[in-house]
Colleague: 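Below you will find the structure I want to go over with you.
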Amino acid sequence: MASLATVATCNLNQWAMDFKGNLERIKLSIREAKEKGCSFRTGPELEITGYGCEDYFHEHDTMLHSWESLVHILSDDITDGIICDIGMPVMHRNVLYNCRVVCLNRRILGIRPKFCLANDGNYREMRYFTPWYFNPESPGYGELQEHYLPSIVQDVTHQKKVPIGIFSLATLDTCLSFETCEELFTPRSPHILLSLDGIEIMANGSGSYHQLRKLNKRIDLLKGATAKAGGIYLYANQKGNDGGRVYYDGCAMVYVNGACVAQGSQFLGFDEVEVVVATVSLSDVRSFRANNIARSYQASAAPTIPRIDVDFRLCDGRGIDACPSPTFEPKVHSAMEEIAYGPSGWLWDYLRRSGMRGYFLPLSGGADSSSTATLVAIMCQRAVAELTSGTERSKKQTLGDIRKVTKRPDYVPTDWRDLCGKIFVTCYMASQYSGCETRERAELLASSIGAMHTSIFIDEITQAIKRTFASVEMHGPRAIPKEQLKSEPRMEGGTIGENLALQNIQARSRMVMAYFMAQLMPWATDGDQTTAGGSLLVLGSANVDEALRGYYTKYDCSAADINPIGGINKCDLKAFMVWAAEHKGIAVLQRVADAKPSAELTGAEGAQLDEEDMGMSYEELGDLGFCRKVEHCGPLSTFIKLRHRWADGRRISPSNRAMGAAAPQTRDEEIAQKVKDFYFYNAITRHKMTTLTPSYHAENYSPDDNRFDLRPFLQNPRFDLQFAAIDKAVKQLASCAKRSAPDMDGKGEPPIKRAASSKGAVKS
């Protein structure tokens, strides 16, 4: 007869420092696991506090309230008959650890601290926690220590102390142990040694955030964790926005011997508690391992991990007709679905938890703001769909959230456009340089999604700023006589400085009006249904490539409360709009995607093209950003990599720094100049990164200065030594080419015919 155990993992939508809400969600997940016959339940990393508490982990109160939450769990029958693996911070001997606390029958079995901490990308665990230490020269993971419990816990469990360290639980019918998040991603993952020591069930409580195209890696690791050595692997994760820039993307899973037998959602569904259950066969694990002789040979000499004996059975003793959960291929969303459902879920969590009335968006009719509007529309589609297709719990939660946001206690949306009209205000902020095409696209898009659309002209504001400048008075001994002051800057025929200043006051005027309208539009439009007032959150729409290049005005309408597309590149956004036009019923997005990006600060669409202004294409920016951040390249290494990556004959956009006689002549010179331009502009505009609106993290080359891409904001943009190394490499390549093949003009490579370069600009 097969040894079958029913086990549970889960996705929980935790919120940093929301101890009451987090506790309720944990308890719901345990109760649901028990109702489904589970004998083991694992949950996300640091689920009691929420993963993203950041410097709140430095406060002793956070530890106190964590133990108080655990006492609530241990004080009733919730842990009776089920082993619960719960994530929380624990201070041991005045050292703070990221731990799993394992409980059963109202008692603590042991505390398992994390020893491989995540400290790259958006992770900063070593700012708060210390890795659990064991002597790396000794076999296994060291001896267990004794942790003395706080008195409030002792009063409930009647335990004075419990084991702490790396251990396994030896039940009456199997052996299980634990990993935490990053430990799965390390080269010497604990599950390898643990599996060789006979541990049959591994649980991983994780706090893993969404990044485009990242889930495949996670799935490969989960599959690999049991494909070679056999075993059962449970993966739990947070799901949702817990108060920061990242979105935890759930996807709790169970793997057995390299095959998926259970999977939770990655994005879909607004239920804050999603329990994923599987019935697994321990007999299958034992058979798999016993028939792998090489594995058995290694296991026979493997070091032993300390075991904690538990008088408890995981297997439920079901009869011969019972069977384990079937295997299947895990669901992986396409990149366009990831863009649709990750940021829209992030927006919904932010809105419902912020206490605000909705969102306000300056809608220009261009690709970026149209993508942002589309994400709000998808958010509304999902919220209304949840009212009919969600669980009973999530239907009630979502309707309550909708009524709280709209300030309408009896409101039930008729459809998603109705909801969009209640919580989303858009505004076309026109100037004398705005075109009819962008205005029409903005109106069509707002109408298609049901948003409350408005329009204003900002020319009076910018003219008032110019008049104020013209009336400036100078004082002091070095004052210039007023008649000698230049006081009337010109867009046409003026200097670059005048031109940029006049562009920038347009952009900054839009930011001021956006916040003014966001505060007043609920007041201006509230009718008989509600007079509750409130304000809207302002949405920004700068994409990751423009931020990387610094191609935006500091404190313009990209300055906002949050930005759902700030971590997504332009090429993906255009592809997303095409996808959404087809799959989300917003046809005008195809028209937006077909248009060439334009700022419309010096002329209508087509008179000022972004790529000409920047002196580089969005595709080039993506490659340059990837080299710089993901591949950790300096200027020289970037040139060497791109010389091969761009060897497909693609057109290199003209430089706006090296023009005329100084323009590059050969292919290598073109690429070299592009690399120099990129690093130059990134350096002189780096100060803008310090003011970036908090953005949804999606790309692995995001320039977010807050925590992901940390660099000085005052840099030497000349890069003298670095650029000289590139020049030297170009000369060496030209010399090699000249020796190896005759050319047409005797000067190396044939000269490249260059299109006339437009005059570039750097917005400040």
Colleague: If we count only N and O atoms by modelled type, under 3.5 Å, do the side chains of Asn569 and Tyr618 hold a donor and an acceptor together?
Modeller: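 The criterion, which ignores hydrogens and geometry beyond distance, is not satisfied for Tyr618 and Asn569.
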Colleague: Between Tyr209 and Tyr123 (judged by ring centroids, cut-off 6.0 Å), do the two rings come close enough to count as a pair?
Modeller: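 Between Tyr209 and Tyr123, the centre distance is under 6.0 Å.
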Colleague: If you measure only the distance, is there a donor-acceptor pair under 3.5 Å linking the side chains of Asp249 and Gln266?
Modeller: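 Indeed, the side chains of Asp249 and Gln266 share at least one donor-acceptor pair under 3.5 Å.
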Colleague: Is it true that the side chains of Thr9 and Thr42 contain a donor and an acceptor less than 3.5 Å apart?
Modeller: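 Side-chain D/A pair, Thr9 to Thr42: absent.
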Colleague: Are Lys239 and Ser265 close enough that a side-chain donor and a side-chain acceptor fall under 3.5 Å?
Modeller: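 Checked: Lys239/Ser265 side chains pair up, N/O donor to acceptor below 3.5 Å.
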Colleague: Kindly determine whether Glu272 and Arg353 satisfy salt bridge (charged side-chain N to carboxylate O under 4.0 Å, His left out), including the steps that lead there.
Modeller: CA-CA 13 Å; Glu272 294 186 329; Arg353 287 171 167 170; 3.7 Å; yes
Colleague: Step through it carefully: locate the ring centre of His58, locate the ring centre of Tyr128, and say whether they are under 6.0 Å apart.
Modeller: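 Between His58 and Tyr128, the centre distance is under 6.0 Å.
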Colleague: Backbone N or O of Val538 within a donor-acceptor pair of the Asp561 side chain at under 3.5 Å?
Modeller: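 Answer holds: yes.
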Colleague: Check each of Tyr341, Trp346, Phe708 against Tyr696 using the ring-ring contact (aromatic ring centres under 6.0 Å, His included) test, and report the only one that passes.
Modeller: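 Filter result, single survivor: Trp346.
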Colleague: Any chance the side chains of Asp271 and Ser394 put a donor and an acceptor closer than 3.5 Å?
Modeller: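 Asp271 vs Ser394: no donor-acceptor pair found between side chains.
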Colleague: Between the side chains of Glu125 and Tyr51, is a donor N or O closer than 3.5 angstrom to an acceptor N or O?
Modeller: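 Side chains of Glu125 and Tyr51: pair found under 3.5 Å.
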Colleague: Quick one: list whatever passes salt bridge (charged side-chain N to carboxylate O under 4.0 Å, His left out) with Asp55, sequence neighbours left out.
Modeller: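 Partners of Asp55 by the salt bridge (charged side-chain N to carboxylate O under 4.0 Å, His left out) criterion, ordered by chain and then number, come out as Arg127.
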